[in-house]
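What follows is a single structure, and I will ask about it in a moment.
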Amino acid sequence: GRVDGLHSFYPNSAFAPTEANQMIYVVDTDDWQIWSAPLQLLSYSIRTSLKSTNTQFFQDGAYLYVIGGYGYDSLTDSKITLPTLTALEIDEVINEIVSGAQNLSPFIRQISDPAFAITGGGLQKIGNTFFLAGGHNFSGLYTKLPSSTFVQAYTNSITSFQIDDDGVNLTISDYTQQIDTLQFHRRDLNVAPLIYPDGSEGLGVYGGVFRYDKNLPYLHPIYIQQGIATTDLSFEQKMSQYTCPVITIYDSVNQTMHTTFFGGISLYDFIDSINQVVEDTLVPFIEDITTLSRNADEITTEVILPVKFPDLAGANADFFPSHGIPQYDNGVIKLNQIGGKQLIGYIYGGINSNKPNEGYTNASNQVYRVFLTSISTSAESAFAVSPFSIIPNPANTFTRVQFTLNSVQRIRVQLINMFGEEVLSINEIKYSIGTHQLQIETADLNTGMYTLLLVSEDKTDAIKLMVSK
């Protein structure tokens, strides 16, 4: 990590070695006591890798694995992507730092391999297999100016492998790459675990930069199921395309996967004053918190939550789950086992900005507590009509509501915007038993998230509708 804000765009000052984090910190979230140890205590190779930026990392049980990263090699006086895999025995490292002994070397091991020379990717795990998505190998001096001061090569891949670690020996095996030079050409992205409706584990790859045609983020998510990566070209993620805190929650009752992104840097920004999602090709810092919800039919909607970050924050920050919260083996939170309001973890690190674009930035020194409130509804009361669906969603000029009635009912349709205002209403109509379809015109509606209400004689059902222009 680094202790400055957004990196400079000029070669002599971008990613200055003096701004690299030189310490390991231990934070007690009960009483907020802090301990630290200097990286200088470690061997040259290990401390160089741990001072680098945009590493790929994942904690697997007792070990934190850190791959690659862009850093300064003082032996060659050059900035390179480091070809290393480092394993930290977390509990022992913590205990050693807290005790003040600070002999960390016995608890940190490292191997080197050109395959690990990656920065800006994302590392996750399904079962016993690790997946490293995206990233690039970057060497030289970073700049946005037309220059020959650097060389970079995108991996264009999602790589799978196993880490064989007996606590002494560290090796990798079963190394396989899936290549897609168009859709996998990404870095600075988010990779998060998910649960499929059949209960199997998978991964989602979200956002990332840069597209071939212009310096803008990718919008189509990539989903990994049974080891195979597939790009979802039917959906575009509008918000939070750069690395930011991500929380994954699965609703097993409704078979819906919720993936929530906290702020960061985004191609789109929600402007409260006009209640619209607006494209900004400068790709600003945002304060919005958004959720992608993917149902059993693989239809994804993007919801902008009413709660926001208090700052333009989240870029390159991370989420640390609390101990004891109900989770699947891959870390996805079990929504249906959350009772009331519960502390689910903390957000720490990253960059703060005082303006969306071209503002003053600094490394965040704040920790955010994250609470999840589960509002339970019975399956009986949740459905006035069944099934109830809207297609297409997101909608552009229209969408169709389809519902099935088991008895003759009078149905009224309402569309509510994010401020709770009714923007469309279809008067009550008497419908017979069976399946019905109703077209809703959305051409005159602003881009944004809406709630569509289907009101029957005794119950009301709701579904989210995204209007995208």
Q. Can you tell which of I265, L189, L267 makes a side chain to side chain contact (heavy atoms under 4.5 Å, CB included) with P217?
A.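 Result: among I265, L189, L267, L267 is the only option passing the side chain to side chain contact (heavy atoms under 4.5 Å, CB included) with P217.
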Q) Which pair of non-hydrogen atoms, one from L39 and one from R47, has the smallest distance, and what is that distance? A)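 Where L39 meets R47 most closely, the heavy atoms are O-CB, 3.3 Å.
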Q | Proximity of Y70 and F138 rings by center, below 6.0 Å | A |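 Ring-ring flag for Y70/F138: true, centres closer than 6.0 Å.
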Q: Anything under 30° is parallel, anything over 60° is perpendicular, the rest tilted; go ahead and classify F130 against F161.
A: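 Taking F161 first and then F130, their aromatic rings lie parallel (interplane angle under 30°).
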Q) Parallel, tilted or perpendicular: which describes the rings of Y328 and Y250, with under 30° parallel and over 60° perpendicular? A)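 Rings of Y328 and Y250: perpendicular, over 60°.
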**Q.** Aromatic ring pairing Y348/F320, orientation class (parallel under 30°, perpendicular over 60°, tilted between)
**A.**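 Ring orientation of Y348 relative to F320: tilted.
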Q: Assess the pair F235 and H220: is the distance between their ring centroids shorter than 6.0 Å?
A: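 Centroid distance F235-H220: not below 6.0 Å, so no.
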Q | Stepwise salt bridge (Lys or Arg N to Asp or Glu O under 4.0 Å) check, D251 with K334 | A | CA-CA 7 Å; D251 179 353; K334 298 179 177 180; over 6 Å; no
Q: Go through the steps for D60 and K125 under the test salt bridge (Lys or Arg N to Asp or Glu O under 4.0 Å), then give the verdict.
A: CA-CA 8 Å; D60 186 24; K125 190 182 181 190; 2.7 Å; yes
**Q.** Ring-face cation of K341 near F371 (centre distance under 6.0 Å, axis angle within 45°)
**A.**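 Cation-pi check for K341 and F371: passes.
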Q | Taking every non-hydrogen atom, the tightest pair across S52 and G68 | A |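 That closest heavy-atom pairing would be OG-O, 3.5 Å.
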Q.
Looking only at the aromatic ring of each residue, does the gap between the centers of Y206 and Y218 stay below 6.0 angstrom?
A.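 For Y218 and Y206, the ring centres are not under 6.0 Å apart.
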(Q) Looking only at the aromatic ring of each residue, does the gap between the centers of Y142 and F15 stay below 6.0 angstrom? (A)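 That pair passes the under 6.0 Å test.
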